[in-house]
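Worksheet: one structure, shown below.
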Amino acid sequence: MGFADQRFNVNLSILFTELPLLERPAAAAAAGFSAVELWWPWVDSPTPERSALDALRRAIEDAGVRLTGLNFYAGQLPGPDRGALSVPGEESRRFRANIDVAADFAGSLGCTALNALYGNRVDGVDPAEQDALALENLVLAARAADRIGAVLLIEALNRPESPRYPLVSAPAAVAVADRVDEASGLGNARFLMDLYHLAMNGEDLPAVIERYAARTGHVQIADNPGRGAPGTGTLPLEDLLDRLTKAGYEGWVGLEYKPGDRPSAESFGWLPRAAR
């Protein structure tokens, strides 16, 4: 087992960012990958012009790669924001405006996983109010995902880097997914297991895998410390991914790491080209 037995995709919002957005799918293909994922690419617009959507769609199709994951609008990411769906006012409205746009774009490319980042706590707003708004918006997102045959992903981030984000443990994120399933009746909410974030939180990763593999809709990796490529830190990523496979996880593993002081194409030496 090991890395060669996994299905990896490349997150084009953190890798190949030295290139313009429309050149990144082809660069991933040239590096040997057949699948990519993205944060919402238009951070200033939840509803970009049709021409922008069509241009990215063509770039992905022309590169011959598959889009396997897409974030809903999440505010300034990278940046200070960690999602919009629990933030009252304009950000929540922007998230709602984005739901069908993101789902339609994902559906047009056969993408079956949509990630909805929860959003930061807001000073002066009751957390219970934010949680109620979040559930309402997540149910809408779950319905849109269901319409295109996709799962809705709920991600835990890490407290050191996202101190105002409330979902900073695997149990917290899974509990939200459970509430969404109960409220929507659709059963399509899943846990996004990012091993880097969970490691930063000090969680027992083998225990998380054993407990939550069956609730996991997508996995992302980076080494820790540093959020670099596998082998740049101390996480036993091969062993952890083997544990996930043995626990029944058969989905994609997203590469969501920083390439360091080198072109992204040079950061994949840890993974034999035949395994990409």
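What you see is a predicted model, and the numbers here were worked out from it, not measured in a lab. Just so you know, these numbers use all the heavy atoms, side chains as well, and skip hydrogens, waters and symmetry mates.
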Test side-chain hydrogen bond (donor to acceptor under 3.5 Å, both in side chains) applied to H218 and E37, E155, R190, the passing residue: E37

Under 6.0 Å from the [atom1] atom of [X], do we count more than 12 heavy atoms belonging to anything else shown?
X    : atom1 : result
E182 : CD    : no
R215 : CZ    : yes
R211 : CZ    : no
E210 : CD    : no

side-chain contact (heavy atoms from CB on, under 4.5 Å) assessment of L205 paired with R243: CA-CA 10 Å; L205 297 183; R243 288 173 181 267; over 6 Å; no

Check against side-chain hydrogen bond (donor to acceptor under 3.5 Å, both in side chains), D131 and S86: CA-CA 6 Å; D131 292 341; S86 69; over 6 Å; no

Taking the side chain as every heavy atom from C-beta outward, state whether [X] and [Y] have any pair of such atoms under 4.5 Å apart.
X    : Y    : result
Y118 : L138 : yes
P46  : F72  : no
T47  : N98  : no
F3   : L241 : yes

Salt bridge (Lys or Arg N to Asp or Glu O under 4.0 Å) between D123 and R164, intermediate numbers included: CA-CA 10 Å; D123 289 339; R164 301 181 68 82; 2.6 Å; yes

Cluster overlap W252 with L15, hydrophobic side-chain contacts below 4.5 Å: no

ILVMFWY network linking L157 to V43, side-chain heavy atoms under 4.5 angstrom: no

Distance, nearest 0.5 Å, that separates [atom1] of [X] from [atom2] of [Y]:
X    : Y    : atom1 : atom2 : result
D104 : I148 : CG    : CD1   : 8.0 Å
D44  : W40  : CG    : CH2   : 12.5 Å
S267 : K258 : OG    : NZ    : 13.5 Å
H197 : L167 : NE2   : CG    : 11.5 Å

N201 side chain to Y196 side chain, donor-acceptor N/O pair below 3.5 angstrom: no

Under 3.5 Å side-chain donor-acceptor pair for S169 and E203: no

Indicate yes or no: does [X] engage [Y] in a salt bridge with an N to O separation below 4.0 Å.
X    : Y    : answer
E91  : R94  : yes
R121 : D126 : no
R143 : D100 : no
E90  : R93  : yes

Pairwise side chain to side chain donor-acceptor pair (under 3.5 Å) hits with a residue in residues 223-234, at least two apart: R227-E256

Main-chain N/O of F95 paired with N137 side-chain donor or acceptor, under 3.5 Å: no

Ring geometry between F268 and F16 (parallel below 30°, tilted from 30 to 60°, perpendicular above 60°): tilted

Output field: ring centroids F8/W270 closer than 6.0 Å: yes

Candidate pair Q220 and M193, rule side-chain contact (heavy atoms from CB on, under 4.5 Å), full reasoning: CA-CA 6 Å; Q220 292 174 335; M193 184 187 292; over 6 Å; no

Worked verdict on R57 versus S108 for side-chain hydrogen bond (donor to acceptor under 3.5 Å, both in side chains): CA-CA 8 Å; R57 183 183 300 108; S108 73; 2.8 Å; yes

Intermediate values then yes/no, side-chain contact (heavy atoms from CB on, under 4.5 Å), N9 and N11: CA-CA 7 Å; N9 65 29; N11 190 307; 5.7 Å; no

